[in-house]
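Every chain is numbered from 1, with letters handed out A, B, ... down the list of sequences.
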There are 2 protein chains.
Amino acid sequence: MQPKQILKEHVAKIATLTEEEFENFFNRFELRSFKKGQTIIAAGDRVDREYFVLSGCLKSFYINDDLKMFILQFAMPTWWTSDFNALYTGAKATISVDCITDAEVLSLSNENREALCKEIHQAEHFFRWRTNKGYVASQKRLLSMMNNDVKHRYEELMAQYPELYQIVPKQLIAAYLGVSRETLSRLHH
Amino acid sequence: MQPKQILKEHVAKIATLTEEEFENFFNRFELRSFKKGQTIIAAGDRVDREYFVLSGCLKSFYINDDLKMFILQFAMPTWWTSDFNALYTGAKATISVDCITDAEVLSLSNENREALCKEIHQAEHFFRWRTNKGYVASQKRLLSMMNNDVKHRYEELMAQYPELYQIVPKQLIAAYLGVSRETLSRLHH
DNA sequence: AGTGATTTGTGATGTAGATCACATTTTCAT
DNA sequence: ATGAAAATGTGATCTACATCACAAATCACT
């Protein structure tokens with residue numbers, strides 16, 4: 001499927017744009033391809049774009065002072081990713097984003113997003129609901145983190161994204177669950 | 001300060017409404033007062049309102065099968081709270097909200113929020129940015145949960161909301177940090 | 001296909017925080 | 001003011017998970 005079509009169907013789930021409006025909407029994006037392992041945002045960068053995933057799998061992650069990695073999100077097709085704090089506030093990135101597999105994305109600048117939201121009421125509507133959903137998902141994950149043990153969280157993740165098991169090295173799954181790779185490995189006993 | 005004025009100043013930080021627009025905006029809210037200990041949303045309820053805190057302190061929380069409580073948010077003045085998942089999806093509440101102190105809130109129905117967003121482009125803008133901020137804060141908390149030990153998280157919370165120490169029983173602070181009250185009590189050694 | 005790098009599994013040991021039990025203090029309603 | 005209920009402190013013990021160490025397996029590049 002074409003990038004344009006993928007985005008169109010995604011947006012249509014939330015907002016109603018006319019043909020011309022969607023034309024304008026789509027034209028604000030840039031198509032980009034990345035290879036497995038490539039970095040899209042590195043900690044310390046100025047961030048002025050967010051990314052809509054067309055194909056492949058990205059990860060957004062934080063690395064602490066002990067060089068331990070924590071994964072915020074595996075970004076699969078039709079997911080949005082960036083360092084949203086840096087993007088919204090102008091602060092330097094503390095979250096990095098890179099490619100777990102080869103990937104195609106549509107990138108949208110902060111400026112273009114705000115222009116769209118201003119020009120097209122339904123675009124603002126779309127971005128409001130996109131974030132509403134992200135917010136609810138993030139709160140659910142926080143609760144699961146506090147409430148459930150590793151095994152439970154692992155099964156939850158695999159139930160939701162079975163495809164991850166194939167694509168993503170286990171140590172990254174551990175970094176998402178907030179657990180050591182050794183403990184994850186021992187889970188199957 | 002008057003409820004109207006509090007809301008006006010809060011909204012003005014994000015969106016620009018004309019006098020008439022704000023008049024319409026404000027009139028969609030209902031002023032309500034609650035006593036300490038009163039329940040605003042109980043798990044299992046249908047949720048059709050969100051709440052803007054004018055005074056006092058609310059908590060939103062989840063209770064698991066073992067009757068252990070986890071606090072998602074202490075809602076202080078100018079904070080918004082609800083079970084947003086239930087509110088947005090129509091599902092029954094899994095999150096409850098009640099009053100830690102006597103409190104005054106402005107309550108807004110789902111219906112009225114959507115009507116406002118439709119009628120007033122800047123209202124949609126406002127709610128988009130409100131959630132953007134919530135989303136970023138939630139992700140930060142998730143990372144802190146994965147990365148930092150209890151002591152660190154406790155100091156972080158106290159640095160951000162020193163007033164909580166006076167107002168909120170320690171066991172509730174423990175329930176926010178995701179730690180037992182005993183461990184929190186031993187932190188000061 | 002072969003070789004170095006990355007990923008995974010697994011044992012031994014350490015530790016932050018949970019749980020249980022009970023005493024003490026504080027709060028609140030009458 | 002007074003008694004009941006709620007909140008807090010603290011010792012003893014338990015446990016899920018971390019960390020370290022190393023071996024085995026898998027991946028990726030020329």
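Atom-to-atom, CG of A:Asp66 to P of D:dA18 comes out at 14 Å; the value is rounded to the nearest Å. The separation between B:Gln171 atom CD and C:dT19 atom P is 14 Å, rounded to whole Å. Following rounding to the nearest Å, A:Ile167 (CD1) and C:dT7 (P) show an atom-to-atom distance of 16 Å. The interatomic distance linking A:Leu67 (CG) with D:dT19 (C1') rounds to 15 Å, in whole Å. Here the C1' atom of nucleotide C:dT27 and the CD1 atom of B:Ile100 are 16 Å apart, to the nearest Å. Taking atom NZ of residue A:Lys170 and atom P of nucleotide D:dT26, one finds them 11 Å apart after rounding to whole Å. In this structure, A:Arg181 places its CZ atom 13 Å from C1' of D:dA25, rounding to the nearest Å. We find that CD1 of A:Ile173 is positioned 13 Å from C1' of C:dT8, with the value rounded to whole Å.
Here A:Phe74 and A:Tyr176 bring their ring centres to under 6.0 angstrom of each other. A ring-centre distance under 6.0 Å is found for A:Phe29 and A:Phe25.
Note on B:Thr183: a side-chain N or O is less than 4.0 Å away from OP1 or OP2 of C:dA18. Taking side-chain N and O atoms only, B:Lys36 has a distance below 4.0 Å to OP1 or OP2 of C:dC28. Considering only side-chain N and O atoms, A:Ser185 lies nowhere under 4.0 angstrom from the phosphate OP1 or OP2 of C:dT8.
Within a 6.0 Å sphere centred on CD of A:Gln2, heavy atoms belonging to other residues, nucleotides or ligands number 12 at most. Residue A:Glu111 places its CD atom among 12 or fewer non-hydrogen atoms of other residues, nucleotides or ligands, all under 6.0 Å distant.
Contacts between residues 139-155 of chain B and DNA chain C, defined by a heavy-atom separation under 4.0 Å, are made by B:Asp149, B:Val150.
Among C:dT19, D:dT19, C:dT8, the nucleotide with an atom closest to any side-chain atom of B:Lys68 is C:dT19.
Between B:Arg186 and B:Leu172, the residue anchored closer to the 5' end of DNA chain D is B:Leu172, taking for each the nucleotide with the nearest heavy atom.
Remark on the helix from C:dA1-D:dT30 to C:dT30-D:dA1: inter-end axis angle 70°, axes from five-pair C1' superpositions, rounded to 10°.
Among the candidates B:Val105, B:Leu58, B:Asp83, the single residue satisfying the side chain to side chain contact (heavy atoms under 4.5 Å, CB included) test with B:Val97 is B:Leu58.
Every residue was checked against the side chain to side chain donor-acceptor pair (under 3.5 Å) condition with B:Tyr51, not counting sequence neighbours, and none meets it.
One N or O donor and one acceptor, one from the side chain of A:Glu182 and one from the base of D:dC20, sit under 3.5 Å apart.
In this structure a side-chain-to-backbone donor-acceptor pair under 3.5 Å is missing from B:Ser144 to B:Lys140. In terms of modelled atom types and a separation under 3.5 Å, the side chain of A:Asn85 and the main chain of B:Val136 share no donor-acceptor contact.
For the pair A:Lys4 and A:Glu23, the minimum side-chain heavy-atom distance is below 4.5 Å.
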